[in-house]
Amino acid sequence: MLSKAYDPQSVEGRIYQMWEESGVFRANRDSGKEPFVISLPPPNATGQLHLGHAVMLSLEDIFIRFARMQGKEALWVPGTDHAAIATENVVIRKIQDEEGITDPRKELGREEILKRIQAFVEESQATIRSQIRKMGSSCDWSREAYTMDPSLNRCVNEVFKKMYGDGLIYRGHRIVNWDPKLQTNVSDDEVERKEETAPFYTFKYGPFAISTARPETKFGDKYVVMHPDDKRYKKYKHGDTFECEWINGKVTATIIKDTTVDPEFGTGVMTITPWHDTADFDIAERYSLDKEQIIDFAGRLLPIAGEFTGMSIVDARPKIVEKLRKKGLFVKVDENYVHNVALNSRGKGIIEPQIKEQWFIDVNKKVVAWKKKKMSLKEVMQDVIHSGDITIIPDRFEKMYFHWIDNLRDWCISRQIWWGHRIPVWYCIGDGACTLECKGPMVSVEPLEQCPHCGSTNLEQDPDTLDTWFSSALWTWSTLVDRKLTDDFSRSLEDILNQSPDFQRFHPTSVLETGYDILFFWVARMILMTTYATGHIPFKTVYLHGMVRTRDGKKMSKSDPEGCIDPLEVIPTFGADALRLSMIVGQSPGHDFSLYKEKIAGYRNFVNKLWNASRFVLLQCENASVDPHAVKTDAVEHHQLSLADKALLSALQNLVEDVTEKLQQYRLSEVGEKLYSFVWEYFCDWYLELSKDEANPPVLIHILRTLLQLLHPYCPFVTEELWASVKSKDAGMLIKESWPTVVEALQDQESFDHFQRVIDTITAIRKVRADQGVAPDKKIAVVVHSEKWVELLESQQEHIRRLARVESLTFAPYGEHPEEVASVFLQDIEVHVCLEGLIDKEKERERLTKEQEKLEGFLKGVQAKLGNKQFIKNAPADVIQKEKEKLQTAMEKLQKLEERLNSL
RNA sequence: GGACAGCUAGCUCAGUUGGUUAGAGCGUUCGGUUCACAUCCGAAAGGUCACAGGUUCGAAUCCUGUGCUGUCCACCA
């Protein structure tokens, strides 16, 4: 016997273990079934999972379980990401805090730091694995991957080599987003901007006045730039020079005329600092101007700053202003100037643009073979979406995607950190015998020990590592390559892919599900790298979920515990099923949504309701001495069925049809709501209530089984646990059960309609009773339109009386009580509840006239639609049929309405 | 500056081809409840669907404009 309330804690662990040990999670390569594959977006191995991960796991598990039950070969590859900067940052800080070492990189060295990070990562991975299991995720643990696995490293090196060979990877001096705090550069996408109010100074610079928020970068400024059409500075010509007094003495300045200068801003004149500003760099490149470094990589001023050398920016700024003031070069200061400060999204260090030699991926070079053409990486990225090879849900993100590509610049892939895939490039620092070839970078997929040109063993590997997104961009396929093959360095990438059975069978993957916040970081890069490296798209559909927010719409963060929910705290009390449901229902793709305890509690109640409904069903079986396990699936067809049985069974068929269709369209929220209301309102509040008068155990069992099947992807634990009590003898675990199909023999529309009529009648009586303030003991007469319905309602009289809370009830065909009727119009039926002497005729007439007008308009519209030749030609047959039916019922209704109006 | 969303009950949100009385959960109020479930049952109150125009017999839904909120992209010295 089941316990009185569902206790998730005593069930979930046991059920998960049972699934895992049975091997259902493992995808079979040789099954011949249609594959359905998801690569789990690998969580960062930096600690714990949060609600964002929980959302992702819930959504993907629903996709996977649904596919599995539909008879597909479902594969869900789990894994973790080494998250280069994020992880290194966390560990360095940990060492600083726990061991008091101020500069761990310097004091411990590369080897030791890497060892520490590795240990930290392993710990995190263990935590993450257990947390994924707690959510009930049915992923294939035998295929678990990690972005730093040796086989993935091989893929990374292969792609690097291929790209280098194609000229897509190059090395160059460019302005990069340098983070002096973390001592590395970051990609454009990792830069965050924060609004800040800062003093905005204006200084005299020769005959001009120039403005700046950053006086500390101005030491070397020797170019004055203005718009060529600016009339105020007409007398100055491009290339003119002049001498002027500046911070540390006289400088010779050159005039540059460039259209990127906005004459409206400030004085319309500016000086440039090419080394520390992207826009200035571009101008300098255009006119081949000198570039000079002012600030070093630690954020301190270089000797060019004279007396300020070695000072940090913060310290130097006011002192420089002071000096300029003393020299009489100060003009004014605007204290309320608002501008954006660039921050590193990891660690929030202030970005100082610097010129550095870095590795880049060229996104514009047309060398990628795609669809029998030579395209640039940009063009390939655009093509796969334009052509419909990949669809994004919701589709508005396609627009954002294209917009992003239009603005995309070459991708800087090198990072000056230690944790990550080291750039597979070696330099010969030879012994004198070096040839010209040895001097350049040598790319190799395996550690290079000897220079192939001069034979020297004195080689040095590039110290930098690759952007973490470089390796995660290969995730859909690098996880599917055969790990034995990647150890064999004689094989080519193409060969490895061709010989990897998993890759051949399971790639491209079916759905890539992730948060919209990493559409550019990750999704776009996967498309770019995978199409290039394998010649195939990485996935067919992209499903983007929204961000979880607190009740007040704030972002959830650990630093602000107000409203923040930790999945690990919630699961023991409410259960993983409740948590899953609370995150899926009411959430539409691409939109942020709020989560709070009350919401989860609501779904905990639902899970408990389902539990108790099952308990009740089992109780009914016991009372009738029916063994639930002995009930055959097709038993219901041979049984005596009541009107309610038929109606519920029919509604269930409609539900199966509806739910299946919507799941295929990824409309998970709607499906969740449908299931919720069906279970609670139809199954529990109606059908089980009726069963108290007269129960049909085989039907109860059948309905319950079907509902458990339909609910399983959403709340796998409770459904699997209940399944054990109601499944037929020869059935196995629910997770392996096949998805319900519509049994047409049970789809009995007429019974369903009749039952609906009964329900509507009850609703109508209740409504009229409430409207008119009628006491339950007052006699109520229900007037209906045909003898047939009178008969139907009379057969259900007891049930109606009970549920409508009326003591005395009669039914009469229309026409017998026309004088004293208050009508309630419901969706498809009119029920007139008769209450002697209580009707306000004037009001009733007014209401009916309004109703009549509306109906006439509606009829006109439908008639026009049916009269439209194009509509008849183009619309599918069932739509036309529906319209015709609409017309028919509306006409009937109008006729009745007129009759009633006349009778008043 | 550019783009994309959102604005529906006190709160959080559904609402896919325009259709007859706009829904749910939570919260509030009232009533009930030994026999599946108080993690329950029944009911009520609460909405000019942001605003203004337009198309239509009919608009939360389509079009135009405005306002507010949010997000992303690009950035000006």
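Order of the sequence lines fixes the chain letters, A, B, ..., with proteins taken first and strands second; residue numbering starts at 1 for each chain. Atom set for the values below is all heavy atoms of this structure, side chains included, hydrogens, waters and symmetry mates excluded.
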Is the NZ or CZ atom of A:Arg604 both under 6.0 Å from the centre of the six-membered ring of A:Phe574 and within 45° of that ring's axis?
no

One thing to verify: whether A:Arg615 and A:Glu622 come together as a salt bridge, which I'm taking to mean a side-chain N less than 4.0 angstrom from a carboxylate O.
no

Quiz prompt | Carboxylate-amine/guanidinium contact A:Glu661 A:Arg667, below 4.0 Å | solution = no

query: Does a donor on one side chain sit under 3.5 Å from an acceptor on the other, for A:His276 and A:Thr273?
result: no

Exercise for review: Looking at every strand, decide which applies to A:Val585 at a 4.0 Å heavy-atom threshold: base, sugar-phosphate, or nothing.
Suggested key: nothing

* Asked: Say you pick atom P in B:C51 and the same atom in B:C7; how far apart are they, in whole Å?
  -> 12 Å

Any base atoms under 4.0 Å from A:Gly586, or only sugar-phosphate, or nothing? Heavy atoms, all strands. sugar-phosphate

**Prompt:** Can you check whether A:Asn605 has a side-chain N or O nearer than 4.0 Å to OP1 or OP2 of B:C40?
**Reply:** yes

Can you check nucleotides 68-74 of chain B for protein contacts, nitrogen or oxygen pairs under 3.5 Å, and list what you find?
{"from": "B:C73", "atom 1": "O2'", "to": "A:Asn407", "atom 2": "ND2", "distance (Å)": "3.4"}

Using a distance-only test with no angle check, is there a side-chain donor-acceptor pair under 3.5 angstrom linking A:Ser588 and A:Ser669? no

Checking N1-N3 plus N6-O4 or O6-N4 for Watson-Crick, or N1-O2 and O6-N3 for wobble, each under 3.5 Å, the partner of B:C49 is none

The nucleotide from B:U39, B:C26, B:A14 with an atom nearest the side chain of A:Glu598 is B:C26

| Inter-nucleotide P distance (B:G46, B:G2), Å rounded | 44 Å

From the candidates B:A36, B:G6, B:G25, the one with an atom nearest any side-chain atom of A:Ala613 is B:A36

- [ ] Verify, without hydrogens or angle tests, whether A:Thr550 (side chain) and A:Lys554 (backbone) share a donor-acceptor contact under 3.5 angstrom.
- [x] yes

Exercise. Under 6.0 Å between the ring centres of A:Phe208 and A:Tyr233?
Worked result: yes

Any strand, both distances under 3.5 Å, Watson-Crick or G-U wobble: B:G25 pairs with B:C11

inquiry  = With rounding to the closest Å, how many angstrom separate the P atoms on B:A50 and B:C11?
reply    = 14 Å

To the nearest 0.5 Å, atom CZ of A:Arg317 lies from atom OH of A:Tyr201 at 7.0 Å

Practice prompt. Check every strand shown and say whether A:Phe574 touches a base, only sugar-phosphate, or nothing at a heavy-atom separation below 4.0 Å.
Written response: nothing

Interatomic distance, NZ@A:Lys609 vs CZ@A:Phe683, rounded to 0.5 Å, equals 10.5 Å

Item to check | Pairwise C1' distance for B:G18 and B:U55, with rounding to whole Å | outcome: 11 Å

A:Ala5 has its side chain closest, among B:A77, B:U39, B:A14, to B:U39

Just call it for A:Ser588: base, sugar-phosphate, or nothing, with non-hydrogen atoms closer than 4.0 Å on any strand.
sugar-phosphate

TODO: Provide the distance between the two P atoms, one in B:A22 and one in B:U61, to the nearest whole Å.
DONE: 15 Å

Counting any heavy atom closer than 4.0 Å, what does A:Ser669 reach on the DNA or RNA strands: base, sugar-phosphate only, or nothing? nothing

Taking a pair to mean Watson-Crick or G-U wobble geometry with both distances below 3.5 Å, B:C57 pairs with B:G19

Suppose you measure atom C1' in B:C73 against the same atom in B:C13; what distance do you get, rounded to whole Å? 28 Å

Notebook entry, point to check: What is the nucleic acid contact for A:Asp685, judged by heavy atoms within less than 4.0 Å: base, sugar-phosphate only, or nothing?
Noted result: sugar-phosphate

As its Watson-Crick or G-U partner within any shown strand, both distances under 3.5 Å, B:C30 has B:G42

Of B:A36, B:U12, B:C40, the nucleotide closest to the side chain of A:Phe616 is B:A36

If pairing means Watson-Crick or G-U wobble with both distances under 3.5 Å, then the partner of B:G70 is B:C4

Just call it for A:Arg214: base, sugar-phosphate, or nothing, with non-hydrogen atoms closer than 4.0 Å on any strand. nothing

Exercise for the section: Would you check if the distance from the ring center of A:Tyr516 to the ring center of A:Phe397 is below 6.0 Å? Expected result: yes

- Does a side-chain N or O from A:Ser594 land closer than 4.0 Å to OP1 or OP2 of B:C13, or not? yes

Which of B:C37, B:U20, B:C11 is nearest the side chain of A:Arg551? It is B:C11

Review point. A:Gln665 near the nucleic acid: base, sugar-phosphate alone, or nothing, with a heavy-atom cut-off under 4.0 Å?
Key: nothing

Of the listed B:C76, B:A77, B:A36, the closest approach to the A:Lys218 side chain comes from B:A77

When we call it a touch if two heavy atoms are under 4.0 Å apart, what does A:Arg604 touch: a base, just sugar-phosphate, or nothing?
base

Of the listed B:U20, B:A5, B:A77, the closest approach to the A:Arg396 side chain comes from B:A5

Practice task
Name the nucleic acid region contacted by A:Thr260, choosing base, sugar-phosphate or nothing; use a 4.0 angstrom heavy-atom cut-off, strictly under.
Solution key: nothing

Look at all strands and tell whether A:Lys554 reaches a base, only sugar-phosphate, or nothing, counting heavy atoms closer than 4.0 Å.
nothing

Per atom distances to the A:Lys692 side chain, the nearest of B:U39, B:A36, B:C41 is B:A36

* To do: May I ask you to say what A:Leu619 touches in the nucleic acid, namely base, sugar-phosphate or nothing, with a heavy-atom cut-off under 4.0 Å?
  => sugar-phosphate

Any strand, both distances under 3.5 Å, Watson-Crick or G-U wobble: B:C75 pairs with none

Report task. Using a heavy-atom cut-off of under 4.0 Å over every strand shown, decide if A:Lys599 touches base, sugar-phosphate, or nothing. Result -> sugar-phosphate

So does A:Lys399 reach the base of B:C4 with its side chain, donor to acceptor, closer than 3.5 Å?
no

So, A:Tyr287 versus A:Asp258: side-chain donor-acceptor pair below 3.5 Å or not?
-> yes

Side-chain contact check for A:Tyr596: nearest option of B:C76, B:C37, B:U12 is B:U12

Students often get this wrong, so: under 4.0 angstrom with heavy atoms, is A:Ala601 touching a base, only sugar-phosphate, or nothing? nothing

Taken to the nearest whole Å, CG/A:Leu2 to P/B:U39 is 19 Å

_Please determine whether a side-chain nitrogen or oxygen atom of A:Lys860 lies at a distance below 4.0 Å from atom OP1 or OP2 of B:U56._
no

